[in-house]
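We use all heavy atoms of the structure for the numbers below, so side chains are in, but hydrogens, waters and symmetry mates are not.
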Amino acid sequence: MCGIVGYLGKNGAEKVILEGLKRLEYRGYDSSGIAMHSGSELKIAKFKGRLANLSDYLTENPGNSPVAIGHTRWATHGEPSDANSHPHFNTTKTIAVVHNGIIENYHSLKNELSEKGYTFSSETDTETIPHLIDSFYEGDLLSAVVKTVPLLRGSFAIAVVCADKKEIVAARKESPMVIGVGDNNDFFVASDVLAVLSYTKKFYYPENNDIIRITENGVEFFDASGSPVTRELKTVELSADAATKCGYDHFMLKEIYEQPDSCANTVSRYCSGDEIQLDFGSIKNMAAYDTIYIVACGTAYHAGLVGKLALEKYVKIPTTVDIASEFRYYAPFVNEKSLVILISQSGETADTLATLRNAKAAGATVLSITNVAGSTIARESDDVINTAAGPEIAVASTKAFTSQITALFLLAIYLGKQLGNISDEEYSFLMSELHLIPEKIREVLADMSSVKAAAKRIKKCNQLFYIGRGLDRVIAMEGALKLKEISYIYTEAFPAGEMKHGPIALIEPGTPAIALVTQESAAEKTISNIKELKARGAYVIAIANTSLEELRKTVDFVIEVPDAEGILAAIPAIIPCQSLAYYTSIYKGNDVDKPRNLAKSVTVE
Ligand code: M6R
């Protein structure tokens with residue numbers, strides 16, 4: 001999604017903005033731009049395409065501005081083009097705005113502004129904002145923004161500069177935004193701390209509907225009516241390295257290899273020895289809940305499907321798993337007896353956030369599992385489990401997924417033990433199995449030769465099927481999502497037993513299929529389904545830890561993974577799926593970390 005970086009200080013705003021936008025590239029974008037304070041005017045440069053275009057411009061037109069705002073745009077209203085790129089400005093180019101999010105009522109605002117004589121030079125919703133601010137501007141940017149914000153419907157984070165003052169005014173509603181404070185009286189606005197982590201670790205996290213004024217005298221916060229409010233300055237513990245590749249070719253590869261640590265760190269964050277310490281403030285009595293609803297999007301949804309299996313086994317409360325963009329509009333039975341578990345790496349996904357608010361309005365208790373402490377979902381939830389995966393930069397989620405499963409496993413056995421569903425002996429066994437996971441991941445990562453061979457085999461195919469039963473089916477779903485996201489091969493996951501009810505019609509001689517076989521109880525049946533595919537000419541790769549002898553006779557080749565207890569088996573098994581997607585994408589020459597059409601943090605509906 002779009003990225004915002006703003007700077008006020010003496011370090012040369014152009015350099016800070018460009019560096020910050022580079023660090024936000026991972027969010028996905030199709031154009032970029034900057035508005036710089038230059039004497040008593042604003043200079044604006046914006047370009048469709050890669051950030052290199054803006055970088056080239058700034059190299060040819062060097063500057064040392066005291067104030068600037070920059071933006072990477074991920075198109076929503078209007079195609080990627082120079083004109084639709086941000087910043088947008090008023091007719092006289094004295095007010096410039098960068099914006100993340102969507103202005104839902106832009107159409108009616110545009111009509112009203114057009115009737116007043118304002119002309120528009122883009123197809124964006126954003127362009128209404130500088131014109132509205134212009135219509136209220138009488139020399140005080142803050143009060144013009146205070147009058148503008150209530151007229152905007154939707155979600156947004158905006159940063160605004162004007163030609164006659166060295167200041168930035170920012171506002172946020174629903175969309176994330178941080179305000180950084182440097183050591184040399186310099187200040188930053190960003191949609192993500194990673195953008196400016198190399199300059200400061202001190203941040204304010206504005207509340208929803210806050211309006212912020214940054215001048216060389218400091219940062220001031222105002223509520224929606226323009227009255228001053230106080231916000232707390234916090235220090236983040238992330239290192240600036242967290243947002244670099246550390247010698248890996250791609251963020252995705254780095255993040256795949258970080259999984260032994262991200263899982264271990266998630267365990268150690270919530271365990272003292274074998275004792276799980278999830279000291280919830282709101283979830284006190286599980287007997288108060290008759291249903292658990294897990295709600296999430298994409299990869300986090302798949303983690304939820306895995307988590308359901310452990311929650312139903314150990315907590316013994318019926319658990320459903322839904323996609324947030326559906327659930328937010330259809331959840332008729334959520335009430336005060338519901339525990340809603342939201343899973344979100346970013347903690348900012350718009351549909352998941354909407355689910356949170358609906359669930360709370362219906363009286364449910366909300367527990368979130370997020371990877372970004374201080375994210376909107378984390379802040380608004382009743383209780384939170386923060387996975388310790390560290391920043392995930394690659395669009396294709398990897399280490400967040402395995403950390404989410406780790407967190408769900410901890411949650412399930414913690415609650416199961418509290419409820420008396422797990423004996424002390426079983427609990428110790430489950431904890432010892434959990435502690436083995438990092439080593440099992442390392443074992444898979446140590447030899448990628450068969451994954452690379454499989455990637456070479458599938459790189460030219462047009463379609464591919466993943467199959468599995470039970471837990472294996474969920475691993476298959478996540479494997480299929482990874483492959484389609486970055487290799488662009490049409491990939492679908494099916495329950496192995498479902499193929500013969502329709503999808504098997506798509507199998508032709510040579511069609512590749514990947515079968516997950518990690519559950520001994522289902523292996524025999526899955527092997528029968530594999531034989532049905534083989535009989536129709538499919539080329540079958542198995543990712544397996546059981547029935548290996550039989551599989552070697554049946555399939556074209558086997559990628560062996562270590563066995564693990566219960567849902568933990570999903571962790572070593574997903575590693576070859578993630579790596580297969582990575583290498584297939586590399587062999588096809590794709591941009592792994594920035595796959596086409598995708599954004600990292602989906603903050604629009
Ligand atoms: O930040 P979230 O976990 O809420 O994001 C959810 C999905 O957008 C995300 O998992 C997406 O599907 C990834 N690109 C998957 O690799």
Side-chain angles (χ1 to χ4, degrees), residues 3-13 15-17 19-21 23-24 34-37 42 65-71 87 95-101 129 133 139-149 156-238 373-376 379:
I4 288 177
V5 187
Y7 176 73
L8 186 150
K10 296 193 176 66
N11 275 334
K15 176 174 146 271
V16 178
I17 301 287
E19 193 182 322
L21 292 180
R23 289 183 186 265
L24 293 182
I34 188 168
M36 301 151 280
H37 217 277
L42 293 178
S65 305
V67 182
I69 51 174
H71 191 263
I95 294 170
V97 174
V98 291
H99 162 223
N100 287 1
I129 305 173
I133 295 174
D140 179 2
L141 185 59
L142 175 70
S143 76
V145 173
V146 168
K147 287 177 187 147
T148 298
V149 165
F156 51 84
I158 58 172
V160 190
V161 287
C162 70
D164 27 329
K165 290 218 175 67
K166 282 193 199 131
E167 66 180 8
I168 301 175
V169 175
R172 76 164 282 253
K173 182 178 162 227
E174 323 268 302
S175 286
M177 167 177 276
V178 294
I179 308 293
V181 178
D183 289 334
N184 301 314
N185 220 24
D186 50 353
F187 304 96
F188 309 82
V189 183
S191 36
D192 187 326
V193 293
L194 294 179
V196 293
L197 211 49
S198 54
Y199 292 97
T200 185
K201 291 198 166 50
K202 286 186 267 169
F203 290 94
Y204 290 104
Y205 292 85
E207 304 264 317
N208 222 6
N209 299 316
D210 274 0
I211 297 174
I212 305 105
R213 175 164 61 190
I214 300 170
T215 64
E216 48 199 10
N217 299 323
V219 184
E220 299 160 279
F221 290 87
F222 304 88
D223 67 13
S225 67
S227 304
V229 287
T230 311
R231 300 288 175 242
E232 192 190 340
L233 188 63
K234 298 187 172 153
T235 303
V236 300
E237 277 160 25
L238 292 172
S375 60
T376 312
R379 286 202 312 263

Within the distance-only criterion (no hydrogens, no angle test), does the side chain of [X] pair as donor or acceptor with the backbone N or O of [Y] below 3.5 angstrom?
{"X": "T215", "Y": "N217", "result": "yes"}
{"X": "H99", "Y": "A157", "result": "no"}
{"X": "N185", "Y": "G9", "result": "no"}
{"X": "R172", "Y": "P206", "result": "yes"}
{"X": "H37", "Y": "C162", "result": "yes"}
{"X": "T200", "Y": "G180", "result": "no"}
{"X": "S191", "Y": "P176", "result": "no"}
{"X": "K165", "Y": "G139", "result": "yes"}

Heavy atoms, side chains only, cut-off 4.5 Å: are [X] and [Y] in contact?
{"X": "F156", "Y": "V149", "result": "yes"}
{"X": "Y199", "Y": "V16", "result": "yes"}
{"X": "I212", "Y": "V169", "result": "no"}
{"X": "L141", "Y": "E167", "result": "yes"}

- Message: Would you say the ring centers of F187 and Y7 fall short of 6.0 Å from each other?
- Response: no
Can you see which heavy atom on [X] is nearest to which on [Y], and at what distance?
{"X": "I168", "Y": "A68", "value": "CD1-O, 4.0 Å"}
{"X": "V161", "Y": "A35", "value": "CG2-CB, 4.3 Å"}
{"X": "G20", "Y": "V5", "value": "C-CG2, 3.7 Å"}

- Is the closest basic N to carboxylate O distance between K10 and D186 below 4.0 Å? no
- Item | Salt bridge flag under 4.0 Å for residues D192 and R23 | no
- Under the side chain to side chain contact (heavy atoms under 4.5 Å, CB included) rule, what do I95 and V160 come out as? Steps first, then yes or no, please. CA-CA 7 Å; I95 294 170; V160 190; 3.9 Å; yes
- Apply the test salt bridge (charged side-chain N to carboxylate O under 4.0 Å, His left out) to residues D183 and K202: give CA-CA distance (whole Å), side-chain angles for both, the deciding distance (0.1 Å), then the verdict. CA-CA 9 Å; D183 289 334; K202 286 186 267 169; 3.4 Å; yes
About how many Å separate [atom2] of [Y] and [atom1] of [X], when rounded to the nearest 0.5 Å?
{"X": "I133", "Y": "T148", "atom1": "CD1", "atom2": "OG1", "answer": "4.5 Å"}
{"X": "E207", "Y": "T376", "atom1": "CD", "atom2": "OG1", "answer": "10.0 Å"}
{"X": "L8", "Y": "E216", "atom1": "CG", "atom2": "CD", "answer": "6.5 Å"}
{"X": "E220", "Y": "I179", "atom1": "CD", "atom2": "CD1", "answer": "12.0 Å"}
{"X": "N11", "Y": "S65", "atom1": "CG", "atom2": "OG", "answer": "12.5 Å"}
{"X": "Y204", "Y": "K234", "atom1": "OH", "atom2": "NZ", "answer": "11.5 Å"}

- Please determine, by modelled atom types, if Y205 and E232 share a side-chain donor-acceptor pair under 3.5 angstrom. no
- Task: Start with the C-alpha distance between V189 and I69, add both sets of side-chain angles, then the distance that settles side chain to side chain contact (heavy atoms under 4.5 Å, CB included), and finish with yes or no.
- Result: CA-CA 8 Å; V189 183; I69 51 174; over 6 Å; no
- Item | Check against side chain to side chain contact (heavy atoms under 4.5 Å, CB included), K201 and V181 | CA-CA 8 Å; K201 291 198 166 50; V181 178; over 6 Å; no
- Item | F222 and D210: CA distance, side-chain angles, deciding distance, side chain to side chain contact (heavy atoms under 4.5 Å, CB included) verdict | CA-CA 6 Å; F222 304 88; D210 274 0; over 6 Å; no
